[in-house]
Amino acid sequence: MIARVIVDVATNQTDRLFDYLIPAPFIDTILPGMRVVVPFGPRKVQGFVLEIGETSEFDIKKLKPIEELIDVEPPLTNELLDLSFWVKDQTLSFHIGVLKVMLPAAMRAKYKKEVHPHPDISIEDMSPHLKTFFKQHDSVLDWDELIKKGTDLERKLLMEGVKKQELRIIPIVGTGETKKKRNAVRPAFSKKELEQFKSSLTSQAKKQIDLVDYFISKPTEISVVELMETTQTSRSTINTLVQKGVLVQEEVEIRRDPYEGRKFERTEALPLTEEQRAALNPILNKMDKGEHETFLLRGVTGSGKTEVYLQAIDRALSLGKEAIMLVPEISLTPQMVKRFKERFGSEVAVLHSALSKGEKYDEWRRIRDKKVRVAVGARSAIFAPFENIGMIIIDEEHETSYKQEEAPRYHARDVAIKRGGYYKCPVILGSATPSLESFARAQKGVYHLLTMEKRVNNVQLPVVNIIDMREELKKGNRSMFSESLTEAMRSRLEKKEQMVLFLNRRGYSTFILCRDCGYVAQCPHCDISLTYHRTNQTLQCHYCNHIETPPTFCPSCEGDSIRFFGSGTQKVEEELQKVFPDIRVIRMDVDTTKRKGSHEKLLDRFGSGEGDVLLGTQMIAKGLDFPNITLVGILAADSMLHIPDFRSSERTFQLLTQVSGRAGRHEKAGEVIVQTYTPDHYSIVDVKQHDYVSFYQREMQLRKQAAYPPYYFLTLIHVSDTDLTNAIRVTEKICHYLRENLSPTTLIFGPAASSIPRIKDRYRYQCMIKYKVEPKMIKVLQEIIKTYQGEMARTDLSVLIDTNPYMMM
Ligand SMILES: Nc1ncnc2c1ncn2[C@@H]1O[C@H](COP(=O)(O)OP(=O)(O)OP(=O)(O)O)[C@@H](O)[C@H]1O
Ligand SMILES: [Zn+2]
Ligand SMILES: [Zn+2]
């Protein structure tokens with residue numbers, strides 16, 4: 001017997017199946033989808049078994065045997081193995097990279113496996129040899145040890161035990177951060193004793209008193225870190241009380257189910273509005289018939305798309321099937337997760353990047369073991385290893401985070417549709433602002449278009465006012481808030497209503513500039529200006545992490561007119577405090593949400609009314625559904641328009657619409673104030689009118705003129721090298737080769753310097769291909785990779801191909 005294996009060595013020469021002999025003990029147990037250890041040249045490497053066969057095209061005598069089975073049950077299903085071939089071709093990736101991206105990160109490393117008697121079987125009922133085996137060993141047995149040390153017969157018997165379900169193998173996957181424990185303290189005294197102790201303290205021991213007070217009101221265990229946070233005390237104060245015997249310190253296990261112990265009230269399906277019903281029916285119809293179709297659900301913000309998703313998933317479950325729900329990372333908020341947990345309870349697994357490796361593995365395991373039937377997660381959840389999928393949903397389908405920006409450069413939307421075809425189930429792409437590609441496909445009838453134009457309960461869409469900031473300047477208002485916005489904020493503060501202030505992070509960061517000579521601090525390794533970070537007063541490069549201290553004198557003219565420009569969220573917060581000294585600001589940006597769970601805490605605080613303003617970046621644009629928000633202010637609406645990317649208008653329109661959508665979602669009417677320097681730009685005007693279709697039509701005109709998607713397909717080839725001339729030379733050669741080999745209707749642009757011509761001391765060039773039909777495309781691109789493979793391995797040259805680019809820089 002032969003196993004065909006993809007080995008974990010990513011070069012072009014290895015990107016194919018290698019044949020290995022299956023040693024006798026593994027013959028009955030080995031299955032496609034399992035990982036193995038195999039000899040490869042002088043090394044031992046991991047690999048995935050993709051096929052098992054009787055014969056090899058190669059000389060059997062020269063084949064080497066598999067050394068080890070890493071998995072006892074295959075982590076990848078047959079369908080995912082098939083899918084991996086397709087993904088690798090579509091994205092021009094190494095096969096091994098695709099297989100690995102389908103598994104949770106914790107499984108990319110080796111892990112321990114414990115052997116236990118199967119819980120459904122008593123040792124007495126086991127086959128005789130296993131019985132004696134367990135009688136001899138009463139401690140926990142390590143699977144790999146047993147396999148390594150055992151005789152061939154013993155190995156075979158063990159394998160059979162697993163197959164016959166007499167044994168159970170429990171993988172012990174480390175969390176990566178391994179420590180699963182934390183320090184906690186609890187009071188050793190009763191409430192009365194605590195009070196007595198408190199009275200024995202002098203008033204100098206203020207911090208100790210604070211701690212004692214805390215435990216008088218809350219006599220339960222709390223982690224040391226949390227205690228320090230809530231009581232604003234130090235570890236040493238806590239230690240003092242531990243030494244005095246007032247508190248007991250102990251190590252407690254951190255539970256890996258992040259939602260364990262949390263109670264979710266079950267919700268029932270809501271009676272649908274007419275529009276929701278009209279959207280849901282055709283989807284249910286397809287599901288009942290067991291047919292695949294891709295639906296594009298365009299529903300304005302607050303139209304109740306989520307309820308449609310929930311009921312579609314519900315139908316899949318009642319048909320005995322499973323469902324995958326994708327949400328962009330940033331809108332995978334606790335609020336969002338809650339809505340799914342409340343409806344489907346313990347049927348839901350959640351996969352997102354805020355989980356630790358171990359937690360992610362546990363959730364993934366629950367899917368693979370069929371313990372849950374709904375997977376909610378960000379991009380990679382599209383590979384959830386279900387085997388009977390009835391529904392796949394991609395919320396906010398226009399989000400570019402569904403495209404992975406490193407190899408394998410897959411788009412979750414394409415994978416979703418591929419899997420939907422395999423399982424003959426519907427796929428819903430939902431958005432208030434669909435991508436142009438998807439809407440164009442819906443217009444052509446490739447996707448089935450469903451529309452919801454009204455908000456639930458006839459709530460009105462917010463009134464959008466556009467403020468021309470050039471006029472403000474003329475009036476002499478130099479602050480970052482226009483008069484209208486200041487007035488609107490004042491009135492919300494009076495009415496005790498809440499507001500959201502949005503600052504676009506991208507293209508709008510703080511930099512330093514010399515007012516005399518125009519010097520801007522630049523990264524010495526990248527052609528990009530450095531960003532000023534207020535918190536630790538440094539200049540940082542966001543591309544290579546270079547850090548330096550800001551100059552006090554201009555390095556160029558030696559003048560002292562160095563100023564900080566632009567406005568980050570911190571700056572906005574300071575300005576807000578100046579105008580409204582009592583305003584309570586909850587700021588959400590990369591700095592305030594670094595710690596795990598802080599995102600949730602900030603939103604909870606805002607939800608419970610502890611803040612007047614939620615101030616933030618992209619992070620607050622989506623998914624928020626708070627009834628008391630009646631004002632949304634957008635500070636620099638056009639900052640993204642100037643990014644050199646053909647999608648910049650589309651992104652501006654999408655983002656502004658999403659942020660606006662946070663206002664007035666319930667009883668209270670909403671207002672949006674958009675501050676801009678380009679009030680006449682259609683992507684801003686159409687936001688005011690809530691007119692997606694108008695925006696779509698104008699943008700399509702421009703895309704047509706400029707030959708961009710959806711009229712053309714794009715492929716971008718990035719060439720970079722520390723050696724400038726070589727980067728140019730290689731790009732020239734590639735362009736030449738493409739011109740020779742692709743059809744005459746295909747447009748080839750390049751070589752051109754990238755819009756950031758240098759990053760980390762590497763010079764960057766591009767070649768862009770625009771095409772309509774190009775059957776030879778994949779072959780030609782594979783040829784290019786092959787040509788430069790060797791040079792890339794030996795030198796600093798890098799040639800990257802992106803067959804569906806979203807980052808044009
Ligand atoms: N049929 C219904 N009856 C009553 N309330 C509903 C119904 N459907 C949805 N809702 C409520 O309406 C509000 C808006 O719905 P939801 O958040 O699903 O909208 P959405 O279309 O997903 O919006 P967005 O794109 O802005 O996130 C929610 O509070 C939801 O609970
Ligand atoms: Zn200067
Ligand atoms: Zn840099």
Side-chain angles (χ1 to χ4, degrees), residues 12 89-93 400 403-409 411 436-437 525-528 543 642-651 702-809:
N12 235 36
D89 283 343
Q90 292 301 308
T91 59
L92 292 155
S93 314
T400 49
K403 163 78 188 298
Q404 174 152 306
E405 287 302 345
E406 54 189 61
R409 294 184 172 72
H411 198 301
L436 252 72
E437 283 90 337
H525 310 287
C526 312
D527 292 330
I528 198 92
Y543 286 87
H642 312 302
I643 293 174
D645 186 324
F646 72 94
R647 288 191 181 89
S648 63
S649 303
E650 182 182 357
R651 288 194 188 145
L702 295 178
R703 299 283 179 94
K704 190 172 184 178
Q705 281 162 21
Y708 271 119
Y711 288 96
Y712 278 81
F713 292 107
L714 272 194
T715 288
L716 200 56
I717 304 183
H718 301 270
V719 179
S720 70
D721 199 330
T722 46
D723 177 350
L724 172 64
T725 35
N726 198 46
I728 300 174
R729 180 188 66 88
V730 170
T731 320
E732 257 165 11
K733 277 193 137 176
I734 289 175
C735 290
H736 181 74
Y737 180 79
L738 291 170
R739 288 191 178 103
E740 300 269 280
N741 286 279
L742 294 177
S743 49
T745 51
T746 292
L747 310 170
I748 292 151
F749 300 87
S754 306
S755 49
I756 304 174
R758 187 177 52 127
I759 291 181
K760 296 188 194 174
D761 291 319
R762 303 176 64 89
Y763 297 91
R764 308 169 72 241
Y765 274 75
Q766 293 184 338
C767 169
M768 186 185 280
I769 312 170
K770 296 177 175 178
Y771 64 101
K772 291 209 168 189
V773 207
E774 191 59 85
K776 284 183 293 183
M777 192 59 136
I778 300 268
K779 273 244 130 53
V780 167
L781 295 176
Q782 279 168 342
E783 202 51 44
I784 291 175
I785 297 272
K786 224 163 144 192
T787 310
Y788 292 100
Q789 191 68 48
E791 192 174 339
M792 284 199 280
R794 285 191 318 272
T795 71
D796 282 340
L797 175 72
S798 144
V799 179
L800 283 181
I801 300 183
D802 194 339
T803 53
N804 180 12
Y806 283 82
M807 300 224 295
M808 311 311 288
M809 329 244 254

Any heavy-atom pair between the side chains of [Y] and [X] that's under 4.5 Å?
X	Y	answer
Thr91	Gln404	no
Tyr765	Leu724	yes
Glu783	Lys786	yes

Between atom [atom1] of [X] and atom [atom2] of [Y], what is the distance when rounded to the nearest 0.5 Å?
X	Y	atom1	atom2	value
Ile784	Gln789	CD1	CD	13.0 Å
Thr725	Tyr763	OG1	OH	10.0 Å
Leu742	Ile769	CG	CD1	6.0 Å
Leu92	Ile801	CG	CD1	5.5 Å
Thr715	Leu738	OG1	CG	9.5 Å

Pairing residues for [X] by the side-chain hydrogen bond (donor to acceptor under 3.5 Å, both in side chains) criterion, not counting sequence neighbours:
X	result
Thr722	Asp796
Ser720	Arg762
Thr731	none

Exercise for review: Start with the C-alpha gap between Gln766 and Met808, add the side-chain angles, then the distance that decides, and say whether side-chain contact (heavy atoms from CB on, under 4.5 Å) holds.
Suggested key: CA-CA 9 Å; Gln766 293 184 338; Met808 311 311 288; 5.6 Å; no
**Study point:** Side-chain donor or acceptor of Gln90 paired with backbone N/O of His411 under 3.5 Å
**Key:**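 Here the side-chain-to-backbone pair does not exist.
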Which residue pairs pass the salt bridge (Lys or Arg N to Asp or Glu O under 4.0 Å) test with at least one member in [range], sequence neighbours excluded?
range	answer
residues 710-719	none
residues 703-730	Glu650-Arg703, Glu699-Arg703, Arg729-Glu791
residues 732-757	none

Exercise for review: Would you please name every residue forming a side chain to side chain contact (heavy atoms under 4.5 Å, CB included) with Met792, sequence neighbours left out?
Suggested key: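 Met792 satisfies side chain to side chain contact (heavy atoms under 4.5 Å, CB included) with Tyr788, Leu797, Val799 only.
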Practice item. Provide the full list of side chain to side chain donor-acceptor pair (under 3.5 Å) pairs with a residue in residues 798-809, sequence neighbours left out, each pair given once. Key: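 Listed by first then second residue: Lys403-Asp802.
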Check your understanding: In a check of side-chain contact (heavy atoms from CB on, under 4.5 Å) between Gln782 and each of Val780, Ile785, Ile778, which one passes?
Key ->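 Testing Gln782 for a side-chain contact (heavy atoms from CB on, under 4.5 Å) against Val780, Ile785, Ile778 leaves exactly one candidate, Ile778.
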Check your understanding: What residue pairs, at least two apart or across chains, pass ring-ring contact (aromatic ring centres under 6.0 Å, His included) with a residue in residues 704-746?
Key ->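 Every pair satisfying ring-ring contact (aromatic ring centres under 6.0 Å, His included) with a residue in residues 704-746: Phe646-Tyr708, Phe713-Tyr771.
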Show me, pair by pair, the donor-acceptor contacts under 3.5 angstrom made by side chains of residues 743-760, not counting sequence neighbours?
| residue | atom | partner | partner atom | Å |
| --- | --- | --- | --- | --- |
| Ser743 | OG | Thr746 | OG1 | 3.4 |
| Ser743 | OG | Glu774 | OE1 | 2.8 |
| Ser743 | OG | Glu774 | OE2 | 3.4 |
| Thr746 | OG1 | Glu774 | OE1 | 2.5 |
| Ser754 | OG | Arg764 | O | 3.3 |
| Arg758 | NE | Asp527 | OD1 | 3.3 |
| Arg758 | NH1 | Pro524 | O | 3.0 |
| Arg758 | NH1 | Asp761 | OD1 | 3.3 |
| Arg758 | NH2 | Pro524 | O | 3.4 |
| Arg758 | NH2 | Asp527 | OD1 | 3.2 |

Check your understanding: Does the distance from a Lys or Arg side-chain N to an Asp or Glu carboxylate O, for Arg647 and Glu437, drop under 4.0 Å?
Key ->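 Here Arg647 pairs with Glu437 in a salt bridge, since their nearest N and O are under 4.0 Å apart.
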